[in-house]
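Report on one structure; see the data block that follows.
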Amino acid sequence: MSLFDKLRSGSGQNVPRPALASARGRVATAAAALPMNVTKAGPGSNPSIVQRALRLSNGLKEFLCQLDGIGRGHLLDLGSARQTTITFFIERGFKVYTEDLLVTWKIFLDAEEKQWRELPPGAAGLEMTPAARAERFLETTLGHPPDTFDAVLIWDLLDYLDGDLVSKLLARITSLVRDGGVAFAIFHNRKPEAFHRYRVVDAQNLELIPAPCPFAPQRVFQNREISGLFWRFHSSKMFVGRDQLREGLFVK
C-alpha cells in the first residue's frame, strides 16, 4: 500500500492491491498506425470542457503481442485508475494493480514539507536532498514482492520526475517485473504544453485526456538516455509517431 493509501485509510500495511478481481480471457493484438484523431468542443461550447484525442498506437499493439498467451497474469498501472483500462486487461485474464505515482509522489512531498516546517527551532530534520527523498519515497510505495508483474504501464510519468527518483524508480520497477515481462512507456519529443492522462480504449487505440498535473515536465529524454534507463531489460523498441510522442516497449 502506498503513502497515498495510508493517508486515506490510516492503515500501516503495505500489501499489493488489485484494482478489481481478474477474469479469464486472451490478450488481443492489433495492427496500428500513429495519427491522432482529436475530439474538440463545438462552437459556443464551454472552453473548460475536456478535449480528448484518440491515438492509434503501435506500442500498445506490441505490448499486447508480448502478453499474448500469458493467461492469468499480473499487470501494474502507474497512471490514474481508468475503468476502461482496468476492464480491458481484466477481460483478458489479468489481475490489475493501480498506483497513481505522480499523485502519490505529490502527497509524499507535501507531507515532508509540512513536517519540515513544523520542526521546532534547532531540531534535527530529515535529509532533504533529492536522492534522500527518493529513497524515503520508495520505502512507502511499490512494496510488492520481486517478480510480481508480467506487465507495467509506466505511461509518460518519467518525463515529470526528477532524475534521482527516475533512476531509483526504474530499478524498483525492474525488480518487480518477471523475466520475460514487459514495460510500456511514453516519452515526449519536446516539453509538452499540456499534461494528459491515458486510457486504453481498445486493442488499437489510446485516449489522451487533458488533466491538471502537480509537476512541470522535467526533461526530454534522448533515445540513448532511455536505453540507459532500461539497461536491465534485454530488448527494447521505440515507436515514433507524427505527433510529439514516442512509445517505448521494454522486455526483460
Side-chain angles (χ1 to χ4, degrees), residues 1-20 22 63 66-67 70 73-82 85-86 89-90 94-112 126-127 129-187 197-200 213-215 218 221 226 228-233 248-252:
M1 184 180 291
S2 67
L3 176 65
F4 183 38
D5 296 314
K6 294 177 184 178
L7 293 174
R8 287 189 302 180
S9 66
S11 171
Q13 288 184 305
N14 188 10
V15 296
R17 175 172 52 85
L20 289 172
S22 61
F63 183 74
Q66 289 291 329
L67 298 181
I70 287 180
H74 293 73
L75 180 141
L76 175 63
D77 186 345
L78 295 178
S80 62
R82 299 284 172 179
T85 301
I86 293 169
F89 287 103
I90 285 176
F94 285 82
K95 182 175 289 186
V96 178
Y97 297 76
T98 63
E99 180 67 61
D100 192 337
L101 206 72
L102 287 178
V103 170
T104 307
W105 175 233
K106 174 62 173 172
I107 290 173
F108 172 85
L109 292 178
D110 288 347
E112 287 220 333
L126 295 171
E127 183 181 351
T129 63
R133 281 187 160 189
E135 289 280 2
R136 290 195 297 272
F137 174 64
L138 290 175
E139 290 172 359
T140 70
T141 191
L142 298 181
H144 310 286
D147 302 323
T148 294
F149 297 105
D150 302 283
V152 180
L153 295 169
I154 302 174
W155 305 118
D156 63 350
L157 67 87
L158 300 179
D159 286 350
Y160 294 88
L161 300 175
D162 64 60
D164 290 279
L165 180 55
V166 166
S167 59
K168 295 178 187 302
L169 174 63
L170 260 297
R172 174 66 56 82
I173 289 173
T174 303
S175 73
L176 298 180
V177 176
R178 297 168 181 161
D179 288 344
V182 60
F184 177 64
I186 293 173
F187 302 91
R197 294 293 194 173
Y198 301 86
R199 74 180 184 96
V200 176
C213 181
F215 305 102
Q218 298 297 303
F221 284 105
I226 295 170
L229 288 174
F230 288 88
W231 67 270
R232 300 174 183 88
F233 288 71
L249 187 79
F250 309 94
V251 181
K252 185 176 176 185

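Throughout, numbering of the chain's residues begins at 1 and tracks the sequence.
- Counting heavy atoms from C-beta outward, Leu142 and Leu101 have side chains that approach closer than 4.5 Å.
- Side chains of His144 and His74 form no contact here, defined as non-hydrogen atoms less than 4.5 Å apart.
- Phe230 and Phe233 have perpendicular rings, their planes meeting at more than 60° on a 0 to 90° scale where under 30° would count as parallel.
- Side-chain contact check for Trp155 versus Leu102: every heavy-atom pair is 4.5 Å or farther apart.
- Across Ser167 and Asp164, no two heavy atoms sit closer than the pair OG-O, 3.2 Å.
- Test Leu169, Ile226, Ile186 against Leu158 for side-chain contact (heavy atoms from CB on, under 4.5 Å) and you get one pass: Leu169.
- Residues Lys168 and Ala134 share a closest heavy-atom pair of CD-CB, 3.7 Å.
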Audit row: Phe250, Ile173, side chain to side chain contact (heavy atoms under 4.5 Å, CB included) steps and yes/no: CA-CA 12 Å; Phe250 309 94; Ile173 289 173; over 6 Å; no

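- Taking CG of Asp156 as the reference point, atom CZ of Phe187 lies at 9.5 Å (rounded to 0.5 Å).
- Between Arg178 and Asp150 there is a salt bridge, with a side-chain nitrogen of the basic residue lying less than 4.0 Å from a carboxylate oxygen of the acidic one.
- The distance from the CG atom of Leu165 to the CZ atom of Arg172 is 10.5 Å, given to the nearest 0.5 Å.
- Here the CH2 atom belonging to Trp231 is positioned 8.5 Å from the OG1 atom belonging to Thr174, to the nearest 0.5 angstrom.
- Test Leu153, Leu75, Thr85 against Val96 for side-chain contact (heavy atoms from CB on, under 4.5 Å) and you get one pass: Leu75.
- Side-chain contact between Arg136 and Phe108: present, with at least one pair of heavy atoms (C-beta onward) separated by less than 4.5 Å.
- Looking at Thr141, its side chain never comes within 3.5 Å of a backbone N or O of Leu138 through a donor-acceptor pair.
- Electrostatic pairing of Arg197 and Asp100 counts as a salt bridge here, judged by a charged N lying under 4.0 Å from a carboxylate O.
- For the pair Arg232 (side chain) and Leu170 (backbone), a donor-acceptor distance under 3.5 Å is absent.
- In this structure, the side chains of Phe215 and Asp162 stay at 4.5 Å or more apart for every pair of heavy atoms.
- Side-chain atoms of Leu229 and Val166, non-hydrogen and from C-beta on, do get closer than 4.5 Å to each other.
- Ring orientation note: the planes of Phe184 and Phe63 are tilted relative to one another, at an angle of 30° to 60°.
- Looking at Trp105 and Leu157, their side chains never come closer than 4.5 Å, going by heavy atoms from C-beta outward.
- Lys252 contributes a side-chain N or O that, together with a main-chain N or O of Val177, makes up a donor-acceptor pair within less than 3.5 Å.
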